[in-house]
Structures are given as C-alpha cells and as structure tokens.
Amino acid sequence: MTTATPTVGVGAQATEPTTRGARVRKRLNSRTATLVSIVIAMLWTIPTFGLFISSFRPENEIKSTGWWTFFTNPQITLENYQEVLFSRGSSGQLASYFINSLAITIPSVLFPLAFASLAAYALAWMNFKGRDWVYIGIFALQIVPLQMALVPLLRFFSTGVTVAGVQIMPAWDLVDEQKFAQVWFAHTCFALPFAVFLLHNFISQLPGDLMEAARVDGATHPKIFRTIVLPLIMPALAAFGIFQFLWVWNDLLVALIFAGGGDETAPMTVRLAELAGTRGNEWQRLTAGAFVSIVVPLVVFLSLQRFFVRGLLAGSVKG
C-alpha cells in the first residue's frame with residue numbers, strides 16, 4: 001500500500017504535463033498560429049530588406065525618396081560599398097575594421113567555449129569538496145552587471161595585482177595589436193558564468209550509465225570528456241557559440257575601453273559609431289556600413305541554425 005500510492009501520484013503528475021504539452025503543440029500548429037508567425041517574420045524582416053535595398057541606391061535617391069520607391073524607379077550603384085570599404089579618410093576603410101572584428105570575435109568565442117565546457121563537466125561529473133558552492137557562486141555571477149566590472153578590470157590591466165604591498169602580477173603594458181589580448185580576456189570573463197551554467201545543465205543530463213560504463217572500461221575523465229561528452233554536447237556548444245558571437249560582434253563598450261579606438265585594434269562597431277557621429281547626413285554610407293556589419297552574423301546564424309534549435313530544445317524532454 002505504501003509503494004502503490006506514490007506510483008499513482010507520479011503517473012498522474014507525468015500525465016498532466018504531457019496533456020498540457022499536447023494542447024500547447026496543437027495550438028501552435030494551428031492555422032492562426034502559423035499566420036501570426038508569418039506576419040511577425042515579415043514585420044521583422046522588412047527593415048533589414050529596406051536597409052539592403054538602400055545600401056545599393058545612389059546618394060541623391062536615398063536622400064530624397066524612400067527605399068520602397070526603388071521598385072518604381074530602380075537605380076543600383078556599388079559606390080556606397082566602394083566608399084565605405086576601401087576609400088581613405090573619415091568615411092571609409094571599413095575593411096580593416098572588419099578584420100579587427102574577426103580577430104576579436106573568434107577567440108572571444110572559442111576561449112569561453114573551451115573553459116566553460118571543461119568547468120561544466122567537472123561540476124557535473126567530478127566529486128570534490130565544495131562543488132555545489134562553486135556552482136552557486138558561478139550562477140550568482142550572472143547577476144553582476146558588466147559595467148561594474150569594467151573599472152576593476154581596467155585597473156587590473158594597467159596596474160597589475162598587488163596584495164599586502166607585494167606585486168603578484170605586473171601590469172600588462174600592451175600596445176597596438178597586443179591589446180586584442182585584453183579584449184579576449186574581458187569577453188571570456190564576462191561570458192563564462194552563463195556558459196558554465198548553460199553547459200552544466202546540458203552535461204548533467206547525460207546518461208549516468210554511459211559514464212559508468214566508460215569508467216568500467218578504464219576511461220579516465222579526459223578520455224570521457226573528449227570521446228563521449230564533447231560529441232554529445234555539440235548542439236549546446238553551437239547554441240552558446242551563436243549567442244556569444246552575436247554579443248561580441250555587436251559589442252562597442254568593451255572593445256572601445258580595452259582595445260581603444262585606434263585603427264590597429266578598433267572593431268567595426270567603433271567605426272560605425274564614428275560614421276554616425278561625423279557623417280550623420282551621409283545615409284548612403286551608413287546603410288552600406290550597417291549591412292556589411294550584419295552579413296557575418298547572419299551567415300553564422302543560418303549555417304548553425306539546426307544546431308542552435310537542437311541546443312535550445314535539448315534537455316526539455318527526458319526519456
């Protein structure tokens with residue numbers, strides 16, 4: 001009698017969420033939901049489409065008429081992209097800043113992925129004293145605003161670390177392209193709490209029998225992580241990688257503070273801000289520059305979309 005009662009309760013609890021989930025899926029697959037989704041997608045895409053059309057229009061056309069008039073009076077020019085990407089002076093040379101953005105973004109994505117995956121595996125499948133408190137501390141770091149860490153981190157780079165009058169770590173004293181390291185370090189620090197939290201939830205749901213069988217076969221933690229865990233968490237890695245790529249690529253504050261505004265290290269966001277500030281009336285250059293800046297994130301998202309969806313849905317249903 002004592003064992004039958006919880007069994008019935010568990011069955012009832014399991015049936016109710018399943019029924020609710022079926023009702024939600026039925027409503028989302030209705031014609032009304034599909035129509036609403038199409039309308040939202042169109043409204044979301046129209047501004048980007050208008051930006052794309054405007055970037056190819058001549059200067060006099062873009063300043064005198066709206067982008068929708070392109071269909072009645074089509075005029076196309078590549079002069080806007082020529083000026084923004086390759087012309088010298090205050091209105092161009094976006095190509096070099098494009099390379100700087102890639103140099104900042106790619107390591108700033110790979111470093112958090114590597115460190116967070118290792119930390120998440122250790123917190124999920126390695127028993128050590130204080131493990132739960134470490135996880136709680138990492139989770140709590142997510143609520144710390146990024147802006148609060150900028151001044152301490154900048155002081156860390158400029159003066160080093162001194163404890164009780166003893167210098168533990170000297171100042172970095174980096175110049176020109178060496179300042180990329182400061183930006184990588186900053187973005188990695190800011191991304192690790194969320195990355196560890198996300199990957200830990202994914203890795204902790206991997207089958208325990210699979211890990212136990214690997215240990216019985218003599219596999220060590222590095223081998224288990226490399227041959228079993230990494231292939232299984234690829235969707236989660238791709239999902240976080242997309243988020244991190246978009247955050248770093250579109251970042252202006254961190255790059256401007258730690259990389260400076262020089263031509264050697266400034267990313268595209270800094271250059272676009274300068275175009276908007278000094279050339280606020282040169283709309284044709286701003287549209288071309290803005291569209292250049294969204295091409296790479298768009299390609300990354302579309303190429304990894306299937307992994308992104310799998311990463312978001314993974315772990316939502318067990319069994």
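Note: hydrogens, waters and symmetry copies are ignored here, and every other heavy atom, side chains too, is used.
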K.L.:
Are Trp125 and Phe128 in one and the same hydrophobic cluster, where Ile, Leu, Val, Met, Phe, Trp and Tyr link if side-chain heavy atoms are under 4.5 Å apart?
P.N.:
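Looking at the clustering, Phe128 is in the same group as Trp125.
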K.L.:
By the rule that ILVMFWY residues connect when side-chain heavy atoms come within less than 4.5 angstrom, directly or transitively, which residues belong alongside Leu252?
P.N.:
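Leu256, Val270, which link up through side-chain heavy atoms under 4.5 Å apart, make up the rest of the cluster.
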K.L.:
Working to the nearest 0.5 Å, report the span between OG of Ser54 and CD1 of Ile62.
P.N.:
4.5 Å
K.L.:
Take atom CG of Asn60 as the centre, draw a 6.0 Å sphere, and report whether it contains more than 12 heavy atoms from other residues, nucleotides or ligands.
P.N.:
yes
K.L.:
Under the 3.5 angstrom rule, does the side chain of Thr159 hit a backbone N or O of Phe156 as a donor-acceptor pair?
P.N.:
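A pair under 3.5 Å: no.
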K.L.:
Under 3.5 Å, sequence neighbours excluded: what are the donor-acceptor pairs made by side chains of residues 129-137?
P.N.:
residue	atom	partner	partner atom	Å
Arg131	NH1	Met126	O	3.2
Arg131	NH1	Asn127	OD1	3.2
Tyr135	OH	Asn201	OD1	3.3

K.L.:
Any chance CD of Glu79 has more than 12 other-residue heavy atoms, nucleotides or ligands included, within less than 6.0 Å?
P.N.:
no
K.L.:
Are the aromatic rings of Phe56 and Tyr81 close, with centres under 6.0 Å apart?
P.N.:
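Phe56 vs Tyr81: aromatic centres under 6.0 Å.
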K.L.:
Measure the spacing between CG of Leu192 and CG of Leu199 and express it to the nearest 0.5 Å.
P.N.:
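Separation between the atoms: 10.0 Å.
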K.L.:
Do Trp249 and Phe98 have ring centroids that are under 6.0 Å from one another?
P.N.:
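Judged by ring-centre distance (under 6.0 Å), Phe98 and Trp249 do meet the cut-off.
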K.L.:
Where is the tightest heavy-atom contact between Ile104 and Thr265, given as atom of each residue plus distance?
P.N.:
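Between these two residues, the closest heavy atoms are CD1-O, 3.7 Å.
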K.L.:
Cluster question for you: counting only ILVMFWY and a side-chain heavy-atom cut-off of under 4.5 Å, with indirect links fine, are Leu302 and Val296 together?
P.N.:
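As far as the 4.5 Å side-chain criterion goes, Val296 and Leu302 are connected within one cluster.
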K.L.:
With distance as the sole test, does Asn250 use its side chain to make a donor-acceptor pair with the main-chain N or O of Leu246 at under 3.5 Å?
P.N.:
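Yes; at least one donor-acceptor contact below 3.5 Å.
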K.L.:
Is there a path of hydrophobic side-chain contacts, each under 4.5 Å between heavy atoms of I, L, V, M, F, W or Y residues, that connects Ile76 with Val292?
P.N.:
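Same hydrophobic cluster.
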K.L.:
For side chain to side chain contact (heavy atoms under 4.5 Å, CB included), just list the numbers for Val183 and Asp251, CA-CA rounded to whole Å, side-chain angles, deciding distance to a tenth of an Å, and then say yes or no.
P.N.:
CA-CA 11 Å; Val183 188; Asp251 170 72; 5.8 Å; no
K.L.:
Look at the side chain of Thr105 and the backbone N and O of Phe245, then say whether any donor-acceptor pair between them is shorter than 3.5 Å.
P.N.:
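No; judged by distance alone, with no hydrogens or angles, the pair does not exist.
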K.L.:
Return the CD to CD1 distance between Gln147 and Ile257, rounded to the nearest 0.5 Å.
P.N.:
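Answer for the CD-CD1 pair, Gln147 versus Ile257, is 8.5 Å.
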K.L.:
Would you check if there is a donor-acceptor pair between the side chains of Thr65 and Arg57 at a distance under 3.5 Å?
P.N.:
yes
K.L.:
Measure the CD1-CD1 distance between Ile46 and Ile53 for me, rounded to the nearest 0.5 Å.
P.N.:
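Here the rounded value is 12.5 Å.
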K.L.:
Could you walk me through whether Leu150 and Leu146 pass side chain to side chain contact (heavy atoms under 4.5 Å, CB included), step by step?
P.N.:
CA-CA 7 Å; Leu150 293 179; Leu146 180 150; 3.8 Å; yes
K.L.:
What are the two closest heavy atoms between Pro112 and Pro107, and how far apart are they?
P.N.:
CD-O, 4.0 Å
K.L.:
With side chains defined as the heavy atoms from C-beta onward, is the minimum distance between Val248 and Trp184 less than 4.5 Å?
P.N.:
no
K.L.:
Would you please classify the geometry between the Phe49 ring and the Trp67 ring as parallel, tilted or perpendicular, with 30° and 60° separating the classes?
P.N.:
perpendicular
K.L.:
Spell out, as yes or no, whether a donor-acceptor pair under 3.5 Å connects the side chain of Gln244 to the backbone of Ser108.
P.N.:
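Yes: the side chain of Gln244 pairs with the backbone of Ser108.
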K.L.:
So which heavy atom on Ile203 is nearest to which on Ser117, and how close?
P.N.:
CD1-O, 4.0 Å
K.L.:
Using modelled atom types and a 3.5 Å cut-off, is there a donor and acceptor pairing between side-chain atoms of Ser204 and backbone atoms of Ala124?
P.N.:
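Side chain of Ser204 to backbone of Ala124: no pair is present.
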K.L.:
Kindly indicate, with the supporting measurements, whether the criterion side chain to side chain contact (heavy atoms under 4.5 Å, CB included) is fulfilled by Phe291 and Leu298.
P.N.:
CA-CA 10 Å; Phe291 195 81; Leu298 192 62; 5.8 Å; no
K.L.:
What closest approach, in Å, do Leu51 and Ala290 show between heavy atoms, and which atom pair accounts for it?
P.N.:
CD2-CB, 4.1 Å
K.L.:
Looking at Thr287 and Ser55, what are the two nearest heavy atoms and their distance?
P.N.:
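Taking Thr287 first and Ser55 second, the nearest heavy atoms are OG1-CA, 3.6 Å.
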K.L.:
Say whether, by atom type as modelled, one donor and one acceptor occur between the side chain of Asn100 and the main chain of Ala266 under 3.5 angstrom.
P.N.:
yes
K.L.:
If I take atom CD1 from residue Ile99 and atom CE from residue Met268, how far apart are they, to the nearest 0.5 angstrom?
P.N.:
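Result: 10.0 Å between the selected atoms.
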K.L.:
Find out if a path of hydrophobic residues (ILVMFWY) with successive side-chain heavy-atom gaps under 4.5 Å connects Leu141 to Trp247.
P.N.:
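Hydrophobic grouping puts Leu141 apart from Trp247.
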K.L.:
Can you give the donor-acceptor pairs under 3.5 Å from side chains of residues 215-234 to other protein atoms, not counting sequence neighbours?
P.N.:
residue	atom	partner	partner atom	Å
His221	ND1	Tyr121	OH	2.7
Thr227	OG1	Lys223	O	2.6

K.L.:
For the residue pair Phe197 and Phe202, is the inter-centroid distance of their aromatic rings smaller than 6.0 Å?
P.N.:
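Between Phe202 and Phe197, which both carry aromatic rings, the centre distance is not below 6.0 Å.
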K.L.:
Please report the interatomic distance OG1(Thr48) to CD1(Ile294), rounded to the nearest 0.5 Å.
P.N.:
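So the OG1 of Thr48 and the CD1 of Ile294 are separated by 5.5 Å.
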K.L.:
Give the intermediate values and the outcome of ring pair (Phe, Tyr, Trp, His ring centres under 6.0 Å) for residues Phe185 and Phe258.
P.N.:
CA-CA 10 Å; Phe185 187 89; Phe258 297 111; 9.1 Å; no
K.L.:
Kindly assign one of parallel, tilted or perpendicular to the pair Phe194 and Phe240, based on the angle between their ring planes and the thresholds 30° and 60°.
P.N.:
tilted
K.L.:
Assigning hydrophobic clusters by single linkage (Ile, Leu, Val, Met, Phe, Trp, Tyr; side-chain heavy-atom cutoff under 4.5 Å), is Val299 placed with Phe52?
P.N.:
yes
K.L.:
So which heavy atom on Pro297 is nearest to which on Ser293, and how close?
P.N.:
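The answer is CD-O, 3.3 Å.
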